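Notes to accompany the following structure.
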Amino acid sequence: MKKWRTLMLAICSLIAGLLLGLGAIIGWHRATATHVMHGSRTVRGSQTVHGRGPVRGFRAPLPSGATGGSVDSVACPSASACVGIGSYIDSSGHSSVLVVTGAGSSWKASGVRLPAGAHSVGYGPFTLACSTLSACVGVGSYIGPPGGQPQPLLVTESRGIWTAFKAPLPPDANATPSAALSAVACPSPSACVAVGGYSSITGQTEGVLITGAGISWTATESPTPAALNSVACESPSMCVAVGHDSSQGVLVTGSGTSWTAAPAPLPSNAAVSPDASLDAVACTAASGCVAAGYYGQSSGGQGGLLVTGTAASWTATEAPGSSALDQVACSPAGTCVAGGNSIPVLVTGSGTAWRAIPVPVPANTMKQHSGMVTFYSATCGPTSTCALAGEYTTTAKKQEGLIVSGSGSYWKAMEAPLPPDGSKSTSAGLQSAVCPLPATCVAGGSYNNYTLDQPLLEVYTLTHKASIKGHSTSGKPVPQTPELFVRTGYMLGSLYKYPHFPARIGLSNSDSIDGLHWERTGQDSITATGTLNHDSCNPDCADGNDISYTIEITASRPQHCILSVYPYPNPNSDPPHSVTANVFDNISIRTSNGNLPSYLAGHSAFSTPCK
């Protein structure tokens, strides 16, 4: 059974026996407890590290007596000290908060007691932020007494002791509110901000911003009635939270108890009622913030959305090759990567300049991997290298942890190795990753050992070996020849891999190119010579004169995009299928003898693939 999946955030109220969802975040199902685990215990891990080469995986330590658990979120406040937060199950089946601290293969575990009266940890994952090793904050939810509502949870540390307590809510919260926190950012040890949603006395879903540090926190109602999905900060005095209000994405900016809300701008092709949402945001001091999500288009489709800017100045860009983006991360220099799951795609760039990159996958990925790859986290290290963590489905129909790392056009996929007791696991995945060093990252997640989910930690080294489609190359990156996508008045859309480019191309019912011989002329271009046969259709096409031209085709300007590819030939009128590919986006024809008709000359005969 697939363990990891997208869940609706369990901010729900019990109205006539039904749950009212307040927001959506990425998560997986948790086992729940029958009563709270009391006490806090720290144990040292002595796990053996498994896996060769750049990725090493091992079972994270657990408190004494624990039988299973998971690591939901990881943060590394320094290059040699990391913290992870999640949940664990004790020998009686009761759940509580798990905190692991360490680096490399040396970690220790702490079990953290839930607030008085708690029944279990909540349904969604915990998230974590650290400004220093002694200033970490985890957020999530817990369930009250059996049948109770989700409650907002803060987990903080002081002098090595972790404490979990109920987060405050604004005065208009329902007397028995349903609430949860979905994200947290800590731009300084004394200034953190957590966001989420809650049910008010009117029964409406409201956004909440909770600011503070340690055990001192203040709750502020969001100026827009929407649960907030994510938060990031340019500085202690300027943070950005994002979410969804009615049919539009929202941006909430400010700090402390002073916040301002604005609707997110949309691209020019947005629908009148765009049903837009912002689901993730990342900020850097150097280049401002980037928010990622989706919006409805006037054509009836859905497009990925990128909103960049700072404070009150924002610009919207349609994300190339994507129908929705779920994660985003930016390097200190301001280059960013966003990941989408509805169509597996990476979008890299900054400002309004973005390009789509096909997601590289391990060799054992199920062939039809659209929908078989899911990302839960994006992160960037101190340099321009970034990474995404998640899961993928193998040819054996198992879920395995996935790490995709790289920058620019070059990305590499790595399967996350499992400890020995995970050798028969059919369900594993990585929920979070962080890169404290330019070439070293740490990821957290879980795997099933046929008994219970077990907490998983991966330590991996980023390499400069390139992979565009999941196949690694040694040494310096070896660029692959882009593919050729042909769409003309005769061919609906055919895709060719080099060196098997076509010898014949139909342009219309009366025009064709034959005898094509292709030759690489550079990393980003290719040419072919051949003969264009043109029917003058004078006096009509049946009796017209045939005119032959010696021509040269030049294909250039590679670009990644999503294409609708038709079978060719297609005698059964089969429908197209969607393919993400790196293709030549510019194809032109020129002749050395005579003048081609205007509709055949230059770029006229070929439709632009990535338009």
Side-chain angles (χ1 to χ4, degrees), residues 5-13 18-27 124 180 182-183 195-200 202-208 222-231 240-253 260-282 289-309 314-328 338-345 347 352 354 356 370-371 374-376 378 562 564 578:
R5 57 189 175 93
T6 302
L7 287 175
M8 292 301 297
L9 179 66
I11 311 172
C12 23
S13 41
L18 299 177
L19 296 176
L20 174 63
L22 296 180
I25 58 175
I26 299 298
S182 56
V195 301
Y198 69 99
S199 57
S200 71
T202 63
Q204 298 296 312
T205 298
E206 304 287 352
V208 63
S222 171
T224 183
L228 300 174
N229 300 325
S230 182
V231 63
V240 178
V242 299
H244 170 89
D245 176 12
S246 183
S247 66
Q248 63 186 7
V250 295
L251 295 154
V252 180
T253 58
T260 301
L266 294 172
S268 58
N269 65 342
V272 175
S273 298
D275 190 27
S277 178
L278 293 177
D279 298 322
V281 63
C289 300
V290 178
Y294 62 86
Y295 71 104
Q297 299 173 328
S298 56
S299 63
Q302 179 177 289
L305 175 62
L306 291 158
V307 178
T308 57
W314 299 92
T315 302
T317 302
E318 179 183 358
S322 170
S323 61
L325 296 173
D326 305 288
Q327 306 85 25
V328 64
N341 293 325
S342 56
I343 298 175
V345 65
V347 181
T352 58
W354 300 84
S370 177
T374 301
F375 292 123
Y376 296 106
I562 297 175
S564 293
S578 294

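The shown structure was predicted, so the numbers you read here are calculated from the model rather than taken from an experiment.
Among all heavy-atom pairs drawn from Q327 and A292, the shortest one is O-CB, 4.4 Å. Of all the heavy atoms in G303 and Q297, the pair that sits closest is CA-NE2, 3.6 Å. The two atoms that bring P265 and A316 nearest to each other are O-CB, 3.3 Å, heavy atoms only. Across every non-hydrogen atom of P320 and A356, the tightest pair is O-CB, 3.3 Å.
For the residue pair D245/T224, the side-chain donor-acceptor check at 3.5 Å is satisfied.
Using a 4.5 Å heavy-atom threshold, the side chains of E318 and Y295 count as touching. Between D275 and Q302 there is no side-chain heavy-atom pair separated by less than 4.5 Å. When side chains are defined from C-beta on, S182 does not count as touching S230, because their heavy atoms never get closer than 4.5 Å. Taking the side chain as every heavy atom from C-beta outward, T205 and S199 never approach each other to under 4.5 Å. Considering only heavy atoms from C-beta on, Q204 stays 4.5 Å or farther from P225 through its side chain. L325 has its side chain within reach of L306: a pair of non-hydrogen atoms, C-beta onward, lies under 4.5 Å apart.
A donor-acceptor contact shorter than 3.5 Å is absent between the side chain of H244 and the backbone of A227.
T260 contributes atom OG1, which lies 11.5 Å from atom CG of L251 (distance to the nearest 0.5 angstrom). A distance of 5.5 Å separates CG of L305 from CG of L278, quoted to the nearest 0.5 Å. Between the CG atom of D326 and the OG atom of S277 there is a distance of 9.5 Å, given to the nearest 0.5 Å. A distance of 14.0 Å separates CH2 of W314 from CG of L266, quoted to the nearest 0.5 Å.
With sequence neighbours left out, the side-chain hydrogen bond (donor to acceptor under 3.5 Å, both in side chains) criterion links Y294 to no other residue. Scored by the side chain to side chain contact (heavy atoms under 4.5 Å, CB included) test, A241 finds V195, L209, L228, V231, V252 as partners (sequence neighbours excluded). Residues satisfying the side chain to side chain contact (heavy atoms under 4.5 Å, CB included) test with A280, not counting sequence neighbours, are V328.
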